[in-house]
Amino acid sequence: AQYALLRPEFAELRKASLARRDGALARLLVFMGGGDAGNETCKALRGVALSGRTPATTDVVIGSSNPHRQQVERACAALPGARLHVQTERMAELMAAADCAVGAAGTTTWERCALGLPALVVALADNQIEIAQTIDAAGAHRFLGWGEQLTEADYARALDALDAPALAAMSRAGAQICDGLGAERVAARLAGAAGARARAGSGTHG
């Protein structure tokens with residue numbers, strides 16, 4: 001996770017994001033990946049609506065390739081405080097502003113950890129299971145299971161079960177897993193390896 005290749009804005013927003021985390025749950029971020037073929041987004045939004053802890057603001061992010069955009073738009077219109085973002089370039093900003101996320105396990109996991117963003121996480125593909133279980137065991141998010149096996153009531157119950165201590169603990173655990181500087185570390189390793197090869201080549205011919 002320390003070598004996760006994140007865009008620089010995640011490291012840039014990390015300090016401010018961590019400083020504002022006090023266990024409140026006023027703003028939620030829902031992001032199930034760019035495609036979301038099974039329309040887990042709408043199911044999660046129905047769960048948010050059922051919850052007794054419906055946040056004042058819910059940012060909903062989908063990709064331009066999402067085949068269920070019209071349904072998501074209707075779900076957002078029906079949920080007070082919901083705002084839809086399509087193919088946004090502001091993911092780091094939205095994550096830093098959110099108090100909790102509902103989303104898929106995958107590369108976004110490292111982005112959430114870098115910003116200390118607590119999350120309720122589902123798996124939408126086989127290659128997400130190990131990540132989801134490992135981060136859950138570390139205490140940085142709560143893994144709800146396979147998305148296709150969940151109902152909106154499951155999402156509502158998971159949201160209702162959150163409290164300030166749990167959110168704060170997830171934030172702290174996530175921040176220890178990834179700091180957003182992985183790209184810099186990889187670049188430094190590559191530069192060091194290239195320098196070593198150059199020095200070795202120079203010595204061979206000198």
Side-chain angles (χ1 to χ4, degrees), residues 21-63 66-86 91 94-95 97-106 108-109 111-113 116-171 173-174:
R21 304 217 172 272
D22 57 3
L25 183 52
R27 187 165 176 171
L28 189 69
L29 173 66
V30 177
F31 177 51
M32 293 294 179
D36 188 18
N39 198 13
E40 201 66 25
T41 301
C42 277
K43 189 198 300 181
L45 289 175
R46 292 193 296 270
V48 173
L50 284 174
S51 169
R53 299 197 65 194
T54 302
T57 301
T58 301
D59 290 301
V60 183
V61 177
I62 62 173
N66 190 303
H68 310 288
R69 177 170 174 172
Q70 291 184 342
Q71 291 174 263
V72 175
E73 288 174 344
R74 289 194 293 269
C76 287
L79 181 65
R83 302 183 297 192
L84 180 61
H85 308 265
V86 180
M91 278 305 299
L94 291 172
M95 285 186 178
D99 299 312
C100 184
V102 177
T108 312
T109 298
E111 297 172 348
R112 291 190 295 255
C113 285
L117 176 60
L120 301 174
V121 171
V122 302
L124 301 181
D126 289 339
N127 62 3
Q128 295 180 352
I129 293 291
E130 185 176 0
I131 291 175
Q133 293 175 336
T134 300
I135 302 303
D136 179 276
H141 69 210
R142 289 185 177 174
F143 179 39
L144 306 184
W146 278 99
E148 62 184 18
Q149 297 176 357
L150 298 174
T151 67
E152 51 241 48
D154 292 321
Y155 282 104
R157 282 191 291 269
L159 195 58
D160 288 340
L162 295 175
D163 56 22
L167 289 167
M170 280 192 278
S171 179

Open item on the list: With a 4.5 Å cut-off on side-chain heavy atoms, are Gln128 and Phe143 touching?
Closed with: no
Task: Donor-acceptor under 3.5 Å (Thr54 side chain, Val48 main chain) - done: yes
Open item on the list: Could you report the tightest heavy-atom contact between Arg21 and Pro118, atom names first, then the distance?
Closed with: NH1-CD, 4.2 Å
Task: Polar side-chain atom of Lys43 near backbone of Gly147 as donor-acceptor pair, under 3.5 Å - done: yes
Task: Minimum heavy-atom distance between Arg53 and Leu159, given as atom pair plus value - done: CD-O, 3.8 Å
Open item on the list: salt bridge (Lys or Arg N to Asp or Glu O under 4.0 Å) for Asp154 and Arg157? Distances and angles first, verdict last.
Closed with: CA-CA 5 Å; Asp154 292 321; Arg157 282 191 291 269; 2.6 Å; yes
Open item on the list: Under a 3.5 Å distance rule, please check whether Asp160 uses its side chain to pair with a backbone N or O of Ser51 as donor and acceptor.
Closed with: no
Open item on the list: So which atom in Ala44 and which in Val102 form the shortest heavy-atom distance, rounded to 0.1 Å?
Closed with: CB-CG1, 4.1 Å
Open item on the list: For the OG1 atom of Thr41 and the CD atom of Gln71, what is their distance to the nearest 0.5 Å?
Closed with: 10.5 Å
Open item on the list: To check you understand the geometry: which heavy-atom pair defines the closest contact between Ala156 and Leu50, and what is its length?
Closed with: CB-CB, 3.8 Å
Task: Thr109 side-chain N/O to Ala105 backbone N/O, donor-acceptor pair under 3.5 Å - done: no
TODO: Look at the side chain of Asn39 and the backbone N and O of His68, then say whether any donor-acceptor pair between them is shorter than 3.5 Å.
DONE: no
Task: Nearest-0.5 Å distance that lies between atom CG in Leu79 and atom OG1 in Thr58 - done: 5.0 Å
Task: Flag, side chain of Ser171 to backbone of Gly116, donor-acceptor distance under 3.5 Å - done: yes
Open item on the list: Using side-chain heavy atoms (C-beta onward) and a distance below 4.5 Å, is Ile129 in contact with Trp146?
Closed with: yes
- [ ] Apply side chain to side chain contact (heavy atoms under 4.5 Å, CB included) to the pair Ile135 and Arg112, showing each step before the final yes or no.
- [x] CA-CA 11 Å; Ile135 302 303; Arg112 291 190 295 255; over 6 Å; no
- [ ] Check whether any side-chain heavy atom of Leu84 lies under 4.5 Å from a side-chain heavy atom of Val72, and answer yes or no.
- [x] yes
Task: Contacts of Asp59 that satisfy salt bridge (charged side-chain N to carboxylate O under 4.0 Å, His left out) - sequence neighbours left out - done: Arg27, Arg83
- [ ] Evaluate the side-chain proximity of Leu45 to Val30: yes if any heavy-atom separation is below 4.5 Å, no if none is.
- [x] yes
Task: Test item: Met95 and Thr108 side chains (from C-beta on) under 4.5 Å apart, heavy atoms - done: yes
Open item on the list: Please find the pair of heavy atoms, one from Ala173 and one from Ala138, that lie closest to each other, and give the distance.
Closed with: CB-O, 3.5 Å
